[in-house]
Structures are given as structure tokens and as C-alpha cells.
Amino acid sequence: MLARPPASVPLLALAAFVGLLLLVTAEWAPLERVDLDVSEAARRYGLQHPDHIAALRIVTDIADVVPYLTVGGVATLLFLARRLRRPALFCALVTVVVPLAWSLQHWLVHRPRPVDGFVTVPSSGFPSGHTSNASAASVAAVLLVWPLLARVGRVLVVLAAVLVTVVIAGTRVALLAHWPTDVLGGVLLAVGVVTAIARIVHRWAPAST
């Protein structure tokens, strides 16, 4: 009950993340212009639609650290109760490693967030933690149910996972909590880490007792 993604997936995702990280730290002008333009458009929209901003503040908290850790912990315990060691270990590692990965980047990469955002966040901005959490949970869910579904079910699950990730990423940009490149970095980091964990678990953990 856990799909094994091709080795190319984590390699490409993490390579793209490193490439984006280098461009961000180098303050590459074309990328910064895109960040500024999108963020200013989000600022104008938010000032004109304060009721939407209030709703987005609620939606974005779905991917906060506490809900993420709670869902991951519950999933791990449920798999353990059913003696499914491989998915249990997978969920446990994803729950722990992903927040550690983006927290480490926040510590290493001191990137200011957009000024005067609609939410106040004191930490560094790259990559987006909320987006990393949402992406990680979405990718993990797809990998866990993939072997159990036929083609139509797989398509629907992937579409739902993409929708969740896009919505959370969109809230972070709309609330001026992050630059667009921050949320892109969060997606790439999560995809790379989660698919790498899936491959490691497949190699070292039994499927069940």
C-alpha cells in the first residue's frame, strides 16, 4: 500500500529546488520582477476585497504545522494498528522530515517576506512552510492510495492533490505571506523529499508483518 515513484522524480524535483534556491539567493532580477508584480497585484486585490482576505486567513491555516503533524501522527498510528509497517514508517518520516527540511531552509536562507502583508510572520520566507506541508500531504496521499485504485480513481486523486496544493499556495501569495517563488520552492522541496522517502521505505521496510 505505497507506490514506488521513479528515481527521476525526487532527483528532478530536488535539482529544480536547488536551482531555484540559487536564483533566489542570487536575487536574479527577472525572477524578482515576477515576484513583485504578482505580489502587488495580490495586494491591490486584497485591499479591494477584505472579506476574501478574512476567508483566506482561515483556509491557509489548514496547512499550518499543528494540523499537519496531527494528521501525520494519526495516519501513522492507524497504519501501525493495522500492522502495515511500510505505510506507517512512510507517514512517520514524511510527518517529521518535511517540516525539518523547510525549517532548515528558513534558518539557512534569510529571505524577507513581502512587506505589510495581510498576515504577520516573523520567520524567513523561502520556502513556504504551509505550501510544503500541503504538497507533502497531497503527494503522500497519492502514493498511499495509488496501488489501490484504477485509472479513473488515480486521476481523481491526483487532481484533488493538485487542487489542495494550489489552493494553499495561492492563499500564501494572496495574503502576502510569501513571494510566488517561495511557494514554488515549497512544492519542489515537498515533492522531492516525499518521493525520496517513498523510495527509501520501499527499499528498507517490509510491506507488513
Side-chain angles (χ1 to χ4, degrees), residues 1-21 24 31 34-35 38-39 41-42 45 52-53 55-65 67-72 74-75 87 90-91 93-95 97-99 101-102 105 125-199 201-202:
M1 188 180 169
L2 176 65
R4 184 181 184 183
S8 58
V9 176
L11 289 175
L12 289 173
L14 292 173
F17 174 79
V18 171
L20 180 63
L21 173 62
V24 166
L31 204 60
V34 173
D35 277 343
V38 174
S39 292
Y45 181 87
H52 292 183
I53 295 301
L56 291 178
R57 288 194 183 104
I58 298 173
V59 173
T60 200
D61 284 342
I62 295 172
D64 204 354
V65 174
Y68 177 80
L69 295 178
T70 301
V71 171
V74 169
F90 172 70
C91 286
L93 289 174
V94 169
T95 301
V97 174
V98 171
W102 60 256
Q105 292 301 314
F126 185 89
S128 165
H130 282 68
T131 306
S132 296
N133 292 345
S135 301
S138 298
V139 174
V142 170
L143 292 176
L144 285 167
V145 303
W146 188 269
L148 306 176
L149 301 176
R151 180 178 299 178
V152 174
R154 289 175 174 179
V155 170
L156 293 176
V157 167
V158 170
L159 290 176
V162 170
L163 178 62
V164 169
T165 299
V166 169
V167 167
I168 295 301
T171 64
R172 304 312 287 167
V173 175
L175 292 170
L176 301 177
H178 286 284
W179 304 103
T181 45
D182 294 341
V183 301
L184 177 58
V187 172
L188 293 173
L189 180 65
V191 171
V193 169
V194 173
T195 53
I197 289 173
R199 290 187 59 82
V201 168
H202 256 283

*Val98 versus Tyr68: any side-chain heavy-atom pair under 4.5 Å?*
yes

Test side-chain contact (heavy atoms from CB on, under 4.5 Å), reference Leu56, set Asp61, Leu175, Val167, Val173, output is Leu175

* Asked: Do Cys91 and Leu144 touch side chain to side chain, with heavy atoms closer than 4.5 Å?
  -> yes

- Query: Are Val187 and Phe17 side-chain neighbours, meaning at least one heavy-atom pair lies under 4.5 Å?
  - Reply: no

| said: In the structure I gave you, are the side-chain heavy atoms of Val158 and Trp146 within less than 4.5 Å of one another anywhere? | reply: yes

The reported gap from CD1 in Ile58 to OG1 in Thr171 (rounded to nearest 0.5 angstrom) is 12.0 Å

Heavy-atom side-chain proximity of Asp182 to Trp102 below 4.5 angstrom: no

Could you check whether the rings of His52 and Tyr45 sit parallel, tilted or perpendicular, using 30° and 60° as the cut-offs? tilted

When rounded to the nearest 0.5 Å, the distance separating NE2 of His202 from CZ of Arg4 is 7.0 Å

Practice problem: Could you tell me whether a side-chain N or O of Arg199 sits under 3.5 Å from a main-chain N or O of Pro5, the two making a donor and an acceptor? | Solution: yes

Item to check | Contact check, side chains of Leu20 and Leu31, non-hydrogen atoms, under 4.5 Å | outcome: yes

Counting C-beta onward and ignoring hydrogens, is there a side-chain heavy-atom pair between His178 and Thr131 closer than 4.5 Å?
no

Taken to the nearest 0.5 Å, the spacing of Leu188 CG from Leu21 CG works out to 11.0 Å

